[in-house]
Amino acid sequence: MTARLRIEGVSVLFSGLRALDDVSFTVEPGTVHAVIGPNGAGKSSLLNTLCAIYPVTFGRILFGDREVTGLRPDRVAGLGIARTFQNIVVSQGESVFDNLMVGRHRLTRTGVIGAAFGLGRREERAQRERVREIAAFAGLSGKLDAPASRLSYGDLKRLEFARALCLEPRLLILDEPVAGMNEAESARLGELVSAARDALDLTIVFVEHDMGVVMSIADRVTVLNFGRVIADGTPEQVRRDPEVIGAYLGGDPARPAGLAGGESAPASELVADRLTEGPSS
Ligand SMILES: Nc1ncnc2c1ncn2[C@@H]1O[C@H](COP(=O)(O)OP(=O)(O)OP(=O)(O)O)[C@@H](O)[C@H]1O
Ligand SMILES: [Mg+2]
């Protein structure tokens with residue numbers, strides 16, 4: 001079973017710079033929850049605190065009844081929390097299949113004694129079968145033997161997503177899963193994220209600049225600006241929120257400088273369209 005994620009008053013300071021400032025919000029179990037905001041707002045820092053890569057200076061994070069803050073990153077993985085990174089991190093020289101198998105090693109239980117009785121081979125077969133299932137789910141079946149270096153950019157992003165699924169997570173954290181993809185690829189990966197949530201009893205937290213994907217797959221959206229939460233609600237609520245509109249414009253919401261000048265529509269509508277349709281950066 002997945003669990004509720006609670007971020008309670010979290011601040012992260014880097015030698016004077018406040019990357020996160022008293023951030024609190026809740027991610028309900030089984031939901032797809034987006035974190036958005038302008039460049040440098042603190043989104044990746046937040047994801048890094050969720051898997052204990054960055055220590056929190058103040059506040060705490062709870063996944064179900066377990067406290068994440070203060071754990072070592074490998075212990076966080078043991079709670080069933082998996083993530084992907086903003087920059088692609090796969091072993092380019094290895095096959096797609098081998099990249100996916102890396103995700104299974106944490107789950108292998110067979111020790112030396114078990115291996116001597118042939119349990120290792122049976123377990124290995126089960127692991128390989130599961131990897132094939134996940135690859136099929138991610139649309140990578142035909143590419144299992146290819147070296148990762150030969151994959152298209154879109155397939156690499158899907159490989160990263162599939163590798164995170166291979167950890168059988170209860171909480172999946174994705175940093176810009178569709179960044180750099182074309183519109184069709186982005187829509188397809190967005191559908192895959194929703195399908196994974198439905199099929200695998202997952203809670204998903206993702207950071208994304210592609211507002212088309214955010215608005216179509218997120219159940220709820222938290223908006224950060226300068227390390228603070230400025231809005232938290234349904235996609236429809238946040239895209240109409242004046243403070244969110246102001247943050248994306250980088251100034252006065254009533255004066256949308258540089259945004260398709262000359263229109264007579266109110267600024268809030270112009271930005272709402274931009275938040276609905278396309279990447280923000
Ligand atoms: N390890 C670090 N050491 C020092 N400062 C950091 C570190 N990580 C992030 N920061 C700073 O914290 C702030 C927030 O950065 P972060 O990467 O979290 O933003 P972001 O919202 O993910 O931005 P983007 O949309 O560009 O990916 C920035 O000012 C950044 O320079
Ligand atoms: Mg980032």
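Note that ligands are numbered from 1 as they come in the structure, with each ligand's atoms numbered from 1 the same way. The shown structure was predicted, so the numbers you read here are calculated from the model rather than taken from an experiment.
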Item to check | Numbering as shown, the atoms of ligand 1 that approach H209 to under 4.0 Å (heavy-atom distance) | outcome: 25 (O)
Item to check | Residue, atom name and distance, where the atom is the protein heavy atom closest to atom 5 (N) of ligand 1 | outcome: F14 CD1, 3.4 Å
Next on the checklist: In the structure I gave you, are the side-chain heavy atoms of E243 and V238 within less than 4.5 Å of one another anywhere?
Outcome noted: no
Item to check | Note, L174 side chain near V205 side chain (heavy atom, < 4.5 Å) | outcome: no
Checklist entry - Of the protein's non-hydrogen atoms, which lies at the shortest distance from atom 26 (O) of ligand 1, and what is that distance? => result N39 ND2, 3.0 Å
Checklist entry - What pair of heavy atoms forms the shortest contact from T2 to D201, and how long is it? => result N-OD2, 3.4 Å
Checklist outcome for this item: atom 9 (C) of ligand 1 sits nearest the protein heavy atom S45 OG, 3.6 Å
Checklist entry - So which heavy atom in the protein is nearest atom 27 (O) of ligand 1, and how far is it from that ligand atom? => result Q86 NE2, 3.0 Å
Next on the checklist: Evaluate A41 for polar contact with ligand 1, using N/O atom pairs at a separation under 3.5 Å.
Outcome noted: yes
Item to check | Nearest protein heavy atom with distance in Å, relative to atom 25 (O) of ligand 1 | outcome: K43 NZ, 2.7 Å
Checklist entry - Side chains of S11 and D22: is there a donor and an acceptor less than 3.5 Å apart? => result no
Checklist entry - Which protein non-hydrogen atom lies closest to atom 29 (O) of ligand 1, naming both residue and atom, and how far is it? => result L17 CD2, 3.6 Å
Checklist entry - In the protein, what heavy atom is nearest to atom 8 (N) of ligand 1, and what distance, to one decimal place, separates them? => result Y54 OH, 2.9 Å
Next on the checklist: Below 4.0 angstrom, counting only protein heavy atoms, does anything approach atom 31 (O) of ligand 1?
Outcome noted: no
Item to check | Aromatic plane relationship, F14 with Y54 - under 30° parallel, 30 to 60° tilted, over 60° perpendicular | outcome: perpendicular
Checklist entry - How close does the nearest protein non-hydrogen atom get to atom 17 (O) of ligand 1, and which residue and atom is it? => result S44 CB, 3.8 Å
Checklist entry - Short list, please: which atoms of ligand 1 are under 4.0 Å from a heavy atom of A19? => result 12 (O)
Checklist entry - Are the side chain of K157 and the backbone of M181 linked by a donor-acceptor contact shorter than 3.5 Å? => result no
Checklist entry - N/O/S of S44 less than 2.8 Å from the Mg ion (ligand 2)? => result yes
Checklist entry - Got a second to check how far E8's CD is from L62's CG, nearest 0.5 Å? => result 5.0 Å
Checklist entry - Honestly curious: do L47 and V89 fall in one hydrophobic cluster under the side-chain, below-4.5 Å linking rule? => result yes
Checklist entry - Does the salt bridge (charged side-chain N to carboxylate O under 4.0 Å, His left out) test come out yes or no for E129 and R132, once each step is laid out? => result CA-CA 5 Å; E129 187 48 40; R132 280 191 205 93; 3.6 Å; yes
Checklist entry - So, does G40 sit close enough to ligand 1 that a heavy atom of it is under 4.0 Å from the ligand? => result yes
